[in-house]
Amino acid sequence: QVQLVESGGGLVQAGGSLRVSCSASGGFSSVYAMGWFRQAPGKEREFVAAISKTSGNTLYADSVRGRFTISRDIAKNTAFLQMFSLKPEDTAVYYCAATPRAFYRTELRDFVFWGQGTQVTVSS
């Protein structure tokens, strides 16, 4: 059973940057890809970015492409989300997720391992 723990959330001014991290344990070898989702109050959880563990191929939501960068350190079983040019609408709880599927979609149901989330607040 894979366990994921996020860290690095906090308060940042609009236009600023922040990096959140996701540490995995308990069977990381079974993970094919890791991703980040976010959920703002009263809204559905939405896909942000994903990265394949071995190939490094990435996927981004249109709303963050060009501003966010997802990466991973396989040796440390860790994924990162570097966020630049943050906007107030980026404010949300950011969740780390992982999937054992070789073929996956950017949908919640394809990611079976989840962290507890870390709050990112962007002030205007």
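Hydrogens, waters and symmetry mates are skipped; everything else that's a heavy atom, side chains included, is used.
Side-chain contact check for C96 versus W36: some heavy-atom pair is nearer than 4.5 Å. Within the 4.5 Å cutoff, the side chain of R38 has heavy atoms near those of the E46 side chain. By the 4.5 Å heavy-atom criterion applied to side chains, F113 and Q1 are counted as neighbours. When side chains are defined from C-beta on, Y104 counts as touching S52, because their heavy atoms get closer than 4.5 Å. Residues L108 and W114 are in side-chain contact: their nearest non-hydrogen atoms beyond the backbone lie under 4.5 Å apart. Side-chain contact between D90 and R67 is present, with heavy atoms from C-beta onward closer than 4.5 Å. Taking 4.5 Å as the limit, some side-chain heavy atom of M83 sits within range of a side-chain heavy atom of V20. In this structure, R19 and S21 have side chains that are in contact, with non-hydrogen atoms separated by less than 4.5 Å.
The main-chain N or O of E6 is never found under 3.5 Å from a side-chain atom of T118 such that the two would form a donor-acceptor pair. The closest donor-acceptor contact from the side chain of Y60 to the backbone of I70 lies under 3.5 Å. At least one donor-acceptor pair closer than 3.5 Å links the side chain of T91 to the backbone N or O of V122.
Residues satisfying the ring-ring contact (aromatic ring centres under 6.0 Å, His included) criterion with Y94, sequence neighbours excluded, are absent altogether.
Within a 6.0 Å radius of CD in E44, other residues, nucleotides and ligands contribute 12 heavy atoms or fewer. Applying the 6.0 Å contact sphere to CD of Q13 captures no more than 12 heavy atoms from other residues, nucleotides or ligands.
The shortest non-hydrogen separation linking K43 to Q39 is O-NE2, 3.0 Å. A33 approaches F111 most closely through the heavy-atom pair O-CE2, 4.4 Å. Across every non-hydrogen atom of A24 and L4, the tightest pair is CB-CD2, 3.5 Å. Across every non-hydrogen atom of A92 and Q119, the tightest pair is O-NE2, 3.5 Å.
Judged as a salt bridge (Lys or Arg N to Asp or Glu O under 4.0 Å), not a single pair has a partner in residues 70-87 (not counting sequence neighbours).
No continuous path of ILVMFWY side-chain contacts below 4.5 Å connects L81 to F84, so the two sit in separate hydrophobic clusters.
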